[in-house]
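These notes are about the structure you will find just below.
Given the structure is predicted, the values throughout are model-derived calculations rather than measurements. For the numbers below, each heavy atom of this structure counts, side chains included, while hydrogens, waters and symmetry mates do not. Counting starts at 1 for both ligands and their atoms, following the listed order.
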Amino acid sequence: MRTSFLPFALPDIDNSELQQIKEALDSGWVTTGPKTKQFEAAFAAAVGARHAVAVNSCTAAMHLALEAIGLKAGDEVIVPTYTFAATAEVVRYFDARPVLVDVDPRCLNLDPDRVEAAITPHTRAIIPVHIAGLPAEMDAIADIAARHGLAIVEDAAHAFPTRYKGRLIGSPLPFTGQRSTVNGHHLVCFSFYATKTITTGEGGMLCTDDEALADRCRIMALHGISKDAWKRYTAEGSWYYEIVAPGFKYNMTDIAAGMGLAQLAKAEAMWRRRQEIARRYNAAFAGYPALELPHDRPDCQHAWHLYMLRLRPEHLPGLSDGSPQGAEDGVVRRRFIEELRKRQIGVSVHFIPLHLHPYYRETYGYRPSDFPVAYREYLREVSLPIYSRMSDQDVADVIEAVCDVATTFGG
Ligand SMILES: *Cc1c(COP(=O)(O)O)cnc(C)c1O
């Protein structure tokens, strides 16, 4: 057994980040400046977006995206219940309503049929989330959006580098050229939070093909000040500016952008390492009836931000408390996690569905059974460590611990 605790997540940092950060500090541009512009251009090129706006979080990017599409109080936005707090809270910023929708039991992403059923005359947008780095069914979602004239704001916090049928998430949807039949609004929001596939400590990126939307987001990310406010401190800049709207303070710093440039340069190698770890886990766990492997698709590229294992509680009788409700209330999952912790393995749970949280229960009267798929899958989900800094020994230790618990407590 391990003698030291294996953290659930760790960033992959080396001298290249330090070098970039030093350059930012030496240049005097500690806030938004040339490195941020360079990071925006490099990220846009990496995902195939025409415009990329660097901000200080994915939450900020989603807030700006909804502002840019003109979301108003009383509007509705379709959000999967199986996601992190940020995806729905940004809708509440406008006093609009997040209409929660259940997910596909295999991939835990938005179920397109349920999206269609949740649309009302007040619906303005859909926010698909690419859980774990496996893409949502974007063809079907784009088709629904086109038919109902809805905007799409992708929560791509897990989705770099994710491919949907060959196309990288962040690139334009196939339909966005046909603005006559749809409003065509499409924005994609990435996260560079500490645990994500590339990190700037805190940070995010907003990608879109639409110049007007990108301009609006740039302006609103920096106090609603007329275009290129950051340039006022350069040689060609001017002291004069105009406030065109009451904006926000969401700009990325050059210190963070330097870190982002270094991370971007390693993104492919880090992704390959995570993919290798996922393959090793899959091979090791395949024979255990208690363990259900994460969903994957041959026609898409999984970013492997998370390795979402699912337990089959009926095959772990040793972890049940014997009550008929034992499997129902997640006791098997809770004890499974305790056993892994005893074996020095850090794990996590993704996600506690939004409709189970007090705020959403009390505000909208949701009950657990309203979204039965999300509720059932949440109760048996355990996320294992998957990050490029893991050594082969770390990976072997996770496999040994998981298989030991499955064998010891299995039926
Ligand atoms: C991390 C995360 C976010 C928020 O990202 P920040 O950059 O921390 O704002 C949004 N959605 C999902 C699904 C996430 O996991």
Side-chain angles (χ1 to χ4, degrees), residues 8-11 36 39 43 52-67 77-93 98 100-101 103-104 107-110 125-136 138 141 152-162 169-170 187-207 217 221 248-253 256-257 259-260 263-264 274 294 302-308 347-357 360 374 377-378 381 383 385-387:
F8 170 67
L10 278 178
T36 305
F39 183 40
F43 194 86
V53 182
V55 289
N56 57 17
S57 73
C58 177
T59 308
M62 292 192 289
H63 185 189
L64 293 170
L66 293 178
E67 198 283 332
V77 177
I78 292 177
V79 172
T81 190
Y82 210 98
T83 187
F84 183 59
T87 322
E89 84 194 27
V90 292
V91 177
R92 294 300 299 133
Y93 293 176
L100 301 182
V101 166
V103 293
D104 181 306
C107 60
L108 307 174
N109 284 322
L110 265 183
I126 305 170
I127 311 187
V129 182
H130 310 296
I131 288 284
L134 193 66
M138 292 309 295
I141 291 168
I152 294 179
V153 175
E154 294 179 57
D155 179 341
H158 301 182
F160 180 72
T162 291
I169 294 296
L187 304 103
V188 187
C189 305
F190 293 90
S191 174
F192 309 135
Y193 179 66
T195 58
K196 300 288 158 70
T197 59
I198 67 170
T199 183
T200 60
E202 298 283 357
M205 191 73 80
L206 188 146
C207 293
C217 291
F248 312 108
K249 185 62 166 71
Y250 284 161
N251 55 306
M252 177 177 273
T253 70
M259 193 169 166
Q263 290 269 297
L264 197 55
R274 292 193 306 277
H302 201 316
W304 293 113
H305 165 51
L306 298 174
Y307 186 92
M308 296 174 74
V347 297
S348 189
V349 171
H350 296 90
F351 288 93
I352 305 167
L354 294 177
H355 75 283
L356 301 182
H357 290 280
Y360 290 99
E377 300 307 314
Y378 150 68
E381 195 277 341
S383 297
I386 183 163
Y387 48 97

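Between the T162 side chain and the G133 main chain, a donor and an acceptor come within less than 3.5 Å of each other.
Around the OH atom of Y193, the shell of radius 6.0 Å holds no more than 12 heavy atoms that belong to other residues, nucleotides or ligands.
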When you check ligand 1 against the protein, what N or O pairs turn up below 3.5 Å? List the atom names and distances, or just say none.
| from | atom 1 | to | atom 2 | distance (Å) |
| --- | --- | --- | --- | --- |
| ligand 1 | 5 (O) | S191 | OG | 3.2 |
| ligand 1 | 7 (O) | C58 | N | 2.9 |
| ligand 1 | 7 (O) | S191 | OG | 2.7 |
| ligand 1 | 9 (O) | C58 | N | 3.3 |
| ligand 1 | 9 (O) | T59 | N | 2.9 |
| ligand 1 | 9 (O) | T59 | OG1 | 2.5 |
| ligand 1 | 11 (N) | D155 | OD1 | 3.2 |
| ligand 1 | 11 (N) | D155 | OD2 | 2.7 |
| ligand 1 | 15 (O) | H158 | NE2 | 2.6 |
| ligand 1 | 15 (O) | K196 | NZ | 3.2 |

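Aromatic pair H158/F351: centroids less than 6.0 angstrom apart. For F192 and F43, the distance between ring centers is under 6.0 angstrom.
I131 places a side-chain heavy atom less than 4.5 Å from the side chain of M308.
Evaluated for a side-chain contact (heavy atoms from CB on, under 4.5 Å) with I127, the options I152, V77, L110, I78 yield exactly one hit, V77.
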